[in-house]
Amino acid sequence: MAKCLDLSLILFVLYVSTAAIAMARNLGDESNEDTEFVKASCETATYPELCFQSLSSYASEIKKRPLQLAETALAVSMARAKSAKTYISDMTDYKGITKRQHGAVLDCAEEMGDTVDRLSKSLKELKSLEEGEREEDFWFCLSNVRTWTSAALTDETTCLDGFGGKGMDGELKSLVRAHIVRVAQHTSNALALINVYASKH
């Protein structure tokens, strides 16, 4: 009797182990597929490497869904913009800042605030498409998303324009430019992925 119980226990353990291995393998395959989807989609972005680097960690949440990918890209861009706005606003206390530089920093911080607002509106509008808009409403919403995201890119360019001229060259300009350029790259990638989603509708 004891031998029968031992055999049954061994068989049960083997069954559970085999099932667990199979499940882990399936989850691994699914995870790889999700990551490959993000990688392939990012090839269409303006900055593919940055796109994959910033979005690959969300692959399991995106799950091969173009709309979710575009939403995530917008969310990442908005987070970058918020961080840049805070950083640039703090630059008003930069040591040795001139009056002209101070004005440019204030203007740039304002532009970044506009960028955050536009990206926030874009993300909210894009999320509304999950609810299944009518065909005409779908394209109207998508047009808004594209317009606001493009306007956010313009805000970022306008910010850098304020530091034009040799008199503005220096460390301050370089520091601000590095943050703004990165935000612009993320925003450009988001816009590209929005267009990919639109092409699949």
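Side chains included, hydrogens not; waters and symmetry mates left out as well; all remaining heavy atoms used.
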(request) Any chance you could measure T158, atom OG1, to M112, atom CE, to the nearest 0.5 Å? (result) 11.0 Å
(request) Return yes if some donor-acceptor pair links the side-chain N/O of N189 with the main-chain N/O of T46 below 3.5 Å, else return no. (result) yes
(request) Mind checking the CG-NE2 spacing from L191 to H186? Nearest 0.5 Å is all I need. (result) 15.0 Å
(request) Would you give the length of the straight line joining atom SG of C108 to atom CD of Q101, rounded to the nearest 0.5 angstrom? (result) 12.5 Å
(request) Sequence neighbours left out, what pairs pass ring-ring contact (aromatic ring centres under 6.0 Å, His included) with at least one residue falling in residues 100-130? (result) none
(request) Measure the shortest side-chain to side-chain distance between L142 and I194 over non-hydrogen atoms and say whether it is less than 4.5 angstrom. (result) yes
(request) Establish whether L50 and V183 are linked, either directly or via other cluster members, by ILVMFWY side-chain heavy-atom contacts under 4.5 Å. (result) no
(request) Might you point out which heavy atoms bring C141 and S128 nearest each other, and give the distance in Å? (result) SG-OG, 4.1 Å
When the side chains of residues 149-156 are checked against the rest of the protein, which donor-acceptor pairs come out under 3.5 Å, sequence neighbours left out?
unit_1	atom_1	unit_2	atom_2	d
T149	OG1	S122	OG	3.2
T149	OG1	V145	O	2.7
S150	OG	R146	O	2.9
T154	OG1	S150	O	3.3
D155	OD2	R118	NE	2.7
E156	OE2	T187	OG1	3.2

(message) Are the side chains of P66 and S41 in contact, using a 4.5 Å heavy-atom criterion?
(response) no
(message) With ring-ring contact (aromatic ring centres under 6.0 Å, His included) as the rule and sequence neighbours excluded, what pairs involving residues 52-73 come up?
(response) none
(request) Report the distance from atom CG of L106 to atom CD of E111, rounding to the nearest 0.5 Å. (result) 12.0 Å
(request) Determine whether L119 and W148 make a side-chain contact, defined as any pair of heavy atoms from C-beta on separated by less than 4.5 Å. (result) no
(request) Would you confirm whether S77, through its side chain, and A73, through its main-chain N or O, come within 3.5 Å as a donor-acceptor pair? (result) no
(request) Flag the pair E33 / E36 as yes when at least one side-chain heavy-atom distance between them is below 4.5 Å, and no otherwise. (result) no
(request) Please name the pair of heavy atoms, one in D34 and one in S60, separated by the smallest distance, quoted to 0.1 Å. (result) OD2-CA, 3.9 Å
(message) Nearest 0.5 Å, please: how far is CG in L129 from CZ in F138?
(response) 5.5 Å
(request) Would you indicate whether the side-chain heavy atoms of K127 and E71 approach each other to under 4.5 Å? (result) yes
(request) Could you check if a side-chain atom of L193 sits within less than 4.5 angstrom of a side-chain atom of L55, using non-hydrogen atoms only? (result) yes
Kindly list each side-chain donor-acceptor pair under 3.5 angstrom involving residues 86-93, sequence neighbours excluded, with atom names and distances?
unit_1	atom_1	unit_2	atom_2	d
T86	OG1	K82	O	3.2
S89	OG	K85	O	2.8
T92	OG1	S89	O	3.0

(message) Main chain of S143, side chain of T147: is a donor-acceptor contact present, judged purely on distance under 3.5 Å?
(response) yes
(request) Kindly compute the distance separating CD1 (I62) from CG (L69), expressed to the nearest 0.5 Å. (result) 5.0 Å
(request) Give a yes or no on whether the backbone of Y197 and the side-chain of K200 come within a donor-acceptor separation of less than 3.5 Å. (result) no
(request) Please list, chain by chain and in numerical order, all residues satisfying side chain to side chain contact (heavy atoms under 4.5 Å, CB included) with K124, sequence neighbours excluded. (result) none
(request) Answer yes or no: is there a side-chain heavy-atom contact under 4.5 Å between K39 and S56? (result) no
Which atom pairs, one a donor and one an acceptor, fall under 3.5 Å between side chains of residues 162-182 and the rest of the protein, sequence neighbours left out?
unit_1	atom_1	unit_2	atom_2	d
D169	OD1	K173	NZ	3.0
E171	OE1	Y94	OH	2.4
K173	NZ	F163	O	3.2
S174	OG	G170	O	3.1
H179	ND1	L175	O	3.1
R182	NE	Q185	OE1	3.0

(request) Please answer: with hydrophobic residues joined when any side-chain heavy atoms are less than 4.5 Å apart, are L160 and I97 in the same cluster? (result) yes
(message) Tell me the closest heavy-atom pair linking L126 and L67, and the distance in Å.
(response) CG-CD1, 3.6 Å
